[in-house]
Undergrad: 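Sharing a structure below in structure tokens format, with a few things to ask.
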Protein chains: 2
Amino acid sequence: MEYDPRAYEPAAVTVDIVALTIRDGRLHVLLVERGEEPYLGRPALPGGFVRSSRDRRGRVRGETLDQAAARELAEETGLRAGHARLRRVHLEQLGTYGAPDRDPRMRVFSVAYLAFGADMPDPVAGGDAAAARWTPVPEARRLAFDHAAILADGLERARAKLEYTPLAAAFCPPEFTVAQLREVYEAVWGITLDPRNFHRKVTSSEGFVAPVGALTGGGRGRPAQLFRRGPAEHLHPPLLRAAPR
Amino acid sequence: MEYDPRAYEPAAVTVDIVALTIRDGRLHVLLVERGEEPYLGRPALPGGFVRSSRDRRGRVRGETLDQAAARELAEETGLRAGHARLRRVHLEQLGTYGAPDRDPRMRVFSVAYLAFGADMPDPVAGGDAAAARWTPVPEARRLAFDHAAILADGLERARAKLEYTPLAAAFCPPEFTVAQLREVYEAVWGITLDPRNFHRKVTSSEGFVAPVGALTGGGRGRPAQLFRRGPAEHLHPPLLRAAPR
DNA sequence: AGAATAGTGTCTTTCAGACACTATTTG
DNA sequence: CAAATAGTGTCTGAAAGACACTATTCT
């Protein structure tokens with residue numbers, strides 16, 4: 001803090017969102033199509049500038065990073081801020097990307113956020129969200145800027161988070177079955193799990209899920225119990241993937 | 001990216017470092033004393049602005065965030081960039097803090113980094129490092145800005161990292177004994193571990209440590225084997241703390 | 001009935017934690 | 001010798017993975 005900040009090249013700070021959801025048993029990421037140079041027409045992560053200003057007395061005003069990320073996510077999905085489905089979305093900071101040449105126009109630092117949601121609607125046309133759509137992760141290629149690296153980091157974080165946290169439930173509606181929860185793990189990890197062992201692990205893991213006391217109906221087999229997310233913040237013991245390599 | 005960035009209040013981007021090391025079996029953090037307002041005289045995490053500029057052709061030049069963090073760490077510890085001990089330091093991005101009122105002077109986004117090192121020297125007087133010193137973590141109180149929250153997040157990250165990665169070795173010299181490694185866990189987690197079970201876990205965990213083939217001498221008991229850090233990036237299975245709560 | 005899905009029980013292996021015991025040094 | 005530290009062996013309980021088996025629905 002020994003330097004005069006005004007002596008430096010001005011920098012812009014943006015938030016970019018890696019929003020993940022599960023559709024048809026496959027992991028999807030929200031992408032927008034760029035409407036201007038650079039990378040015109042290329043898919044990109046949704047995002048935008050963090051807003052700040054000064055009031056009449058010269059005091060700094062503005063939104064927090066978390067607020068900026070929530071606002072961008074709401075704008076791009078077309079859900080109003082405060083919408084029930086948006087409030088159920090898990091949003092966490094992923095990391096900051098600031099290579100000096102990542103944007104040819106100016107020095108831009110992008111604070112990336114990771115979002116998990118269930119039942120995310122198709123983005124509404126108009127405004128920023130003109131060309132936003134949910135894309136199966138393997139089809140997310142040729143992304144603008146360094147967004148491929150950000151997406152890869154987000155996927156790795158998501159995979160790891162499922163191991164030690166009950167966040168898989170953030171991909172599910174408020175009430176869900178063990179099978180739905182298992183589909184989340186299978187979609188994010190890209191593997192299949194034994195339904196019987198998975199059931200035992202989830203239901204015996206303290207605070208992971210809480211039974212609602214109702215059953216599904218209308219399905220093809222035996223009706224399943226419905227659960228809500230439990231109070232646990234971490235899973236003990238974790239639900240580990242097999243050792244890699 | 002639909003806004004003109006120049007229409008926004010200019011923002012400064014800094015890096016702040018949570019540098020941890022172990023001295024006398026206790027976890028220490030590197031703190032500097034602030035030489036100016038705000039928070040004059042209060043302890044703070046070392047840090048500074050990320051440098052960027054434009055060359056004569058108008059292209060953006062500057063350092064990456066990782067480079068800025070490494071530079072700040074080198075300046076504050078007094079180790080020259082490229083020094084062997086500095087090259088052995090583990091440095092990773094922790095998170096970005098950007099509340100609009102975190103610095104009364106202007107909008108400042110701080111990208112925090114977490115550093116683990118062994119045998120870190122006492123900071124050299126002069127220049128930025130005038131009042132820097134290694135402080136036992138429990139004595140790091142009344143920090144400037146939001147640095148107490150950053151430090152808390154760094155400590156929590158460090159504790160978690162020891163569980164699933166071999167990074168405890170980053171707190172040790174190049175060659176170390178199992179007992180030294182155990183002291184790292186005990187200092188960071190603040191608990192005591194059974195030396196015999198710890199020895200078995202560490203030496204049977206694939207790729208965690210590799211025996212050097214030499215023994216220590218001069219100690220009080222039976223000489224111990226020396227190890228180097230192994231090639232593993234993750235521990236499988238992890239070395240878990242007991243369940244919290 | 002047969003297919004489909006939900007859920008339980010059991011066996012084996014692996015690993016964590018407790019701790020007895022052996023090994024090798026210094027004083 | 002005792003004290004100190006390093007390292008091995010063994011037991012027990014918890015949990016993972018494999019998988020037989022039961023339960024309940026729809027067609």
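Note on naming: letters A, B, ... go to the chains in the order of the sequence lines (proteins, then strands), and numbering restarts at 1 for each one.
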Undergrad: Measure CG/B:L240 against P/C:dC15 and give the value in whole Å, please.
TA: 13 Å
Undergrad: For B:D153 and B:Y97, which I'm curious about, is there any donor-acceptor pair between the side chains at under 3.5 Å?
TA: yes
Undergrad: For B:R222 and D:dT8, what is the distance between atoms CZ and C1' respectively, to the nearest whole Å?
TA: 9 Å
Undergrad: Among the candidates C:dA4, D:dG7, D:dA4, find the nucleotide nearest to the side-chain atoms of B:R220.
TA: D:dA4
Undergrad: Could you give the NE2-to-P distance, from B:H236 to C:dA16, as a whole number of Å?
TA: 13 Å
Undergrad: If I take atom CG in residue B:N197 and atom P in nucleotide C:dC21, what distance separates them, rounded to the nearest angstrom?
TA: 16 Å
Undergrad: May I have the distance from A:D194 (atom CG) to D:dA18 (atom C1'), rounded to whole angstrom?
TA: 7 Å
Undergrad: If you check the B:A224 side chain, which of C:dC15, D:dA6, C:dG7 turns out closest?
TA: D:dA6
Undergrad: How about B:E175: does its CD atom have over 12 heavy atoms from other parts shown lying under 6.0 Å from it?
TA: yes
Undergrad: With DNA chain D as reference, determine whether A:R200 or A:G221 sits nearer its 5' end, using the nearest nucleotide of each.
TA: A:R200
Undergrad: Between P on D:dG7 and CG on B:L215, what's the gap in Å once rounded to a whole number?
TA: 8 Å
Undergrad: Do A:K201 and A:D194 meet the salt-bridge criterion of a basic N to acidic O distance under 4.0 Å?
TA: no
Undergrad: Between C1' on D:dG7 and CZ on B:R196, what's the gap in Å once rounded to a whole number?
TA: 10 Å
Undergrad: Please say which of A:V202, A:V178, A:T177 ends up in a side chain to side chain contact (heavy atoms under 4.5 Å, CB included) with A:V209.
TA: A:V202
Undergrad: Think B:H199 has a side-chain N or O under 4.0 angstrom from the OP1 or OP2 of D:dA6?
TA: no
Undergrad: Can you identify which nucleotide, out of D:dA16, D:dA6, C:dG7, has its nearest atom closest to the A:P237 side chain?
TA: D:dA16
Undergrad: Would you kindly give the CG-to-P distance between A:L235 and D:dA14, to the nearest whole Å?
TA: 19 Å
